[in-house]
**Student:** 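This structure is in structure tokens; I'll ask about it shortly.
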Amino acid sequence: MLNHLPQGNDPVSAFSVPCHNYHRICDLLLSSARSRSTSRGLQLHGYVVKSGLSLIPLVANNLINFYSKSQLPLDSRRAFEDCPQKSSTTWSSVISCFAQNELPWMALEFLRIMMEGNLRPDDHILPSATKSCGILSRCDIGKSVHCLSMKTGYDADVFVGSSLVDMYAKCGDIVDARNMFDEMPQRNVVTWSGMMYGYAQMGENEEALLLFKEALFENLAVNDYSFSSVISVCANSTLLELGRQIQGLCVKSSFDSSSFVGSSLVSLYSKCGVLEGACQVFDETPVKNLGIWNAMLKACAQHSDAKKVIQLFKQMKRSGMKPNFITFLNVLNACNHAGLLDEGKYYFDLMKEYRIEPTDKHYASLVDMLGRAGKLEEALKVITNMPIDPTESVWGALLTNCTNHKNTELAAFAADKVFELGRVSSGMHISLSNAYAADGRFKDSAEARKLLRDRGEKKETGLSWVEERNKVHTFAAGERRHERSKEIYEKLAELGEEMEKAGYVADTSFVLREVDGDEKNQTIRYHSEKLAIAFGLITFSADRPIRVIKNLRVCGDCHNAIKFMSVCTGRVIIVRDNNRFHRFENGKCSCNDYW
DNA sequence: TTAGGGTTAG
């Protein structure tokens, strides 16, 4: 392969090398990086060192870039150190290499060293430095890079400005991101993407959508980046119809074949309860990246199809795609929800073969799996033996299952462990309170809630919503603010009688307040999901499934009640809670009561 | 002219 390269066996200095040859070497280094032929690049490196060509600055820079693109940052650094004449391009190459290869601190350190040598950062170096701050979520350092950009006058550059917008967005500083965005003399699609991402990150989905609309209005050439972001915004707000319209725009502009767009679309359909849509997008995406595989696995897991998850995992392996920790998390959750304990344990152990260290979330899934099967002691053993510190989610998994299995002693132990971790999320206080309440110990239960109040936190309000055309109808338990409230409550009363005739009995143990029986029954009768379903019943035609989204977990009584609702009305009712889907049909739920 | 900024899946 090297035969046609210059034969320079005895190069004393760079000057003895014919000029036209080193350009050829540079081309070859670049193409090796692009085609990911690392071995060819390494051969070329050996050759240029031997022939003395590595002394030529252009060749040295190309070596740095070759290693950077080959994801070998430390070799890139070595090539940088061997480079005799370091221009600002040389510095730029090595700093961008660190920024792109998960060494943001080193990128910033090299910027410092460079400036100590009295070199000023330029418009190529500043974006890499800014990006590093974004990766580290270090707004403070990012601000000093911003100052540096202003001092050097590069803050007006569209690359520098866009990277600053993105950095502020990644650090969660949406106000500074917007200020930067507004002040920029020139903006392009990257600037807009960064800003949109910022809003989406902060959960300001409406602002993100507004910005996208504005971008379209300004005739900005939106691309696959923009589409995948905006679709994920729709997915997070479960705006199926809007998402479908944007998918139409993607098809028109031929961006629908992008695997990034595909991943967002799979997630959109999945989160909106349309598994068939997710499958179709997945099948039609020509080149599948890890993201779309993971999105598809998650979709099947959310829809309780563990068999398909395992099948997909095997298919994925056959296609040569390497699973990552997210892949395994999806597989474990699928096994957990399907009650496949042995399979779950198998996949947990399989992670070792792929040299993937289980995170606290993987352990939480395993603990939950064991806990659901009633193996509380074994679950505890997993926690005490795990090599990383158990987090709230791990102890929480044990706590919830102890409550369900009425082991209040172990539940209290798990709760103590959670408190030892320091700040506890509000949901966890509720879990402890539930543990006592389920055992009839209302005083302790109240104490746990008091602790929550003392910390100035409140339980997240349970909300359910239904999408009707492009409108979202939201309901909270017991409220009567909706314009059709009267009809909704009438429908519930009428349905309640039918359900009771069919054998439904309200399970009041899910009401946590210590009140008398009648009031308990009233509270539980009007949980938000029941109101939302009643709205669906009086609004949608009989053949249309009723899709309800809920921000919290469905309570046990509602879960049971909805089964009866599906029998009495003959409707398909799909409820997405904060975690997964429940498809109710003919008195059965797709989760097999395992949720 | 070799170097720079933005996406998905969790």
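Proteins come first, then strands; the chains are lettered A, B, ... in the order of their sequence lines, and each starts at number 1.
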**Student:** Touch check for A/Asp123, heavy atoms < 4.0 angstrom, all strands: base, sugar-phosphate only, or nothing?
**Tutor:**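 Since a base atom lies under 4.0 Å of A/Asp123, the category is base.
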**Student:** Do A/Arg187 side-chain atoms and A/Phe181 backbone N/O form a donor-acceptor pair below 3.5 Å?
**Tutor:** yes
**Student:** Looking across every strand, which nucleic acid part, if any, lies under 4.0 Å from A/Lys170 by heavy atom: base, sugar-phosphate, or nothing?
**Tutor:**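 The answer is sugar-phosphate, as A/Lys170 gets under 4.0 Å only of primed atoms, P, OP1 or OP2.
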**Student:** Is A/Ser128 touching bases, backbone alone, or none of the nucleic acid, heavy atoms closer than 4.0 Å?
**Tutor:** sugar-phosphate
**Student:** Using the ring centroid of each side chain, check whether A/His45 and A/Tyr67 are separated by less than 6.0 Å.
**Tutor:**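 Yes, ring centres under 6.0 Å apart.
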**Student:** How about A/Phe255 and A/Phe260: are their ring centroids closer than 6.0 Å?
**Tutor:**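 Between A/Phe255 and A/Phe260, the centre distance exceeds or equals 6.0 Å.
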**Student:** May I ask you to test the A/Ile174-A/Met195 pair for a side-chain heavy-atom distance under 4.5 Å?
**Tutor:** yes
**Student:** With a 3.5 Å distance limit and no angle check, can you tell me whether A/Asp176 reaches the backbone of A/Asn179 through a side-chain donor-acceptor pair?
**Tutor:** no
**Student:** Counting only non-hydrogen atoms, which of residues 254-263 of chain A are less than 4.0 Å from DNA chain B?
**Tutor:** A/Phe260, A/Ser263
**Student:** Find the distance between CG (A/Asp360) and CH2 (A/Trp395) and round it off to the nearest 0.5 Å.
**Tutor:** 13.5 Å
**Student:** Determine, for A/Asp349 against A/Lys345, whether the closest basic-nitrogen to carboxylate-oxygen distance falls under 4.0 angstrom.
**Tutor:** no
**Student:** Contact class for A/Val94 (heavy atom, under 4.0 Å): base, sugar-phosphate, or nothing?
**Tutor:** nothing
**Student:** Show me the pairs that pass side-chain hydrogen bond (donor to acceptor under 3.5 Å, both in side chains) and involve residues 149-165 of chain A, at least two apart or across chains.
**Tutor:**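 Qualifying pairs, neighbours excluded: A/Ser162-A/Thr191.
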**Student:** For residues 95-109 of chain A, which residues have at least one heavy atom under 4.0 Å from DNA chain B?
**Tutor:**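 Within residues 95-109 of chain A, the residues near DNA chain B are A/Ser96, A/Gln100.
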**Student:** Looking at A/Gly194 and A/Asp166, what are the two nearest heavy atoms and their distance?
**Tutor:**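 Closest pair (atom of A/Gly194, atom of A/Asp166, distance): CA-OD1, 4.1 Å.
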**Student:** Any salt bridge linking A/Arg24 with A/Asp27? Criterion: basic side-chain nitrogen under 4.0 Å from a carboxylate oxygen.
**Tutor:** no
**Student:** Using a cut-off of 4.0 Å on non-hydrogen atoms, how would the nucleic acid contact of A/Phe159 be classed: base, sugar-phosphate, or nothing?
**Tutor:** base
**Student:** Using the test ring pair (Phe, Tyr, Trp, His ring centres under 6.0 Å), find all partners of A/Phe348 that sit at least two apart in sequence or belong to another chain.
**Tutor:**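 For A/Phe348 the ring pair (Phe, Tyr, Trp, His ring centres under 6.0 Å) partners, ignoring immediate neighbours, are A/Tyr363.
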**Student:** How would you give the extent of chain A contacts on DNA chain B, as first and last nucleotide 5' to 3' within a 4.0 Å heavy-atom cut-off?
**Tutor:** B/dT2 to B/dG10
**Student:** Is any NZ, NE, NH1 or NH2 atom of the basic residue among A/Arg244 and A/Glu241 found under 4.0 Å from an Asp or Glu carboxylate oxygen of the other?
**Tutor:**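 A/Glu241 and A/Arg244: salt-bridged.
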**Student:** Within the structure shown, what part of the strands sits under 4.0 Å from A/Ile326 by heavy-atom distance: base, sugar-phosphate, or nothing?
**Tutor:**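 Contact class for A/Ile326: base.
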**Student:** I'd like to know whether CZ of A/Arg34 has more than 12 heavy-atom contacts from other residues, nucleotides or ligands below 6.0 angstrom.
**Tutor:** no
**Student:** Where along residues 133-151 of chain A does a heavy atom come under 4.0 Å from DNA chain B, residue by residue in number order?
**Tutor:**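 Correct list: empty, so none.
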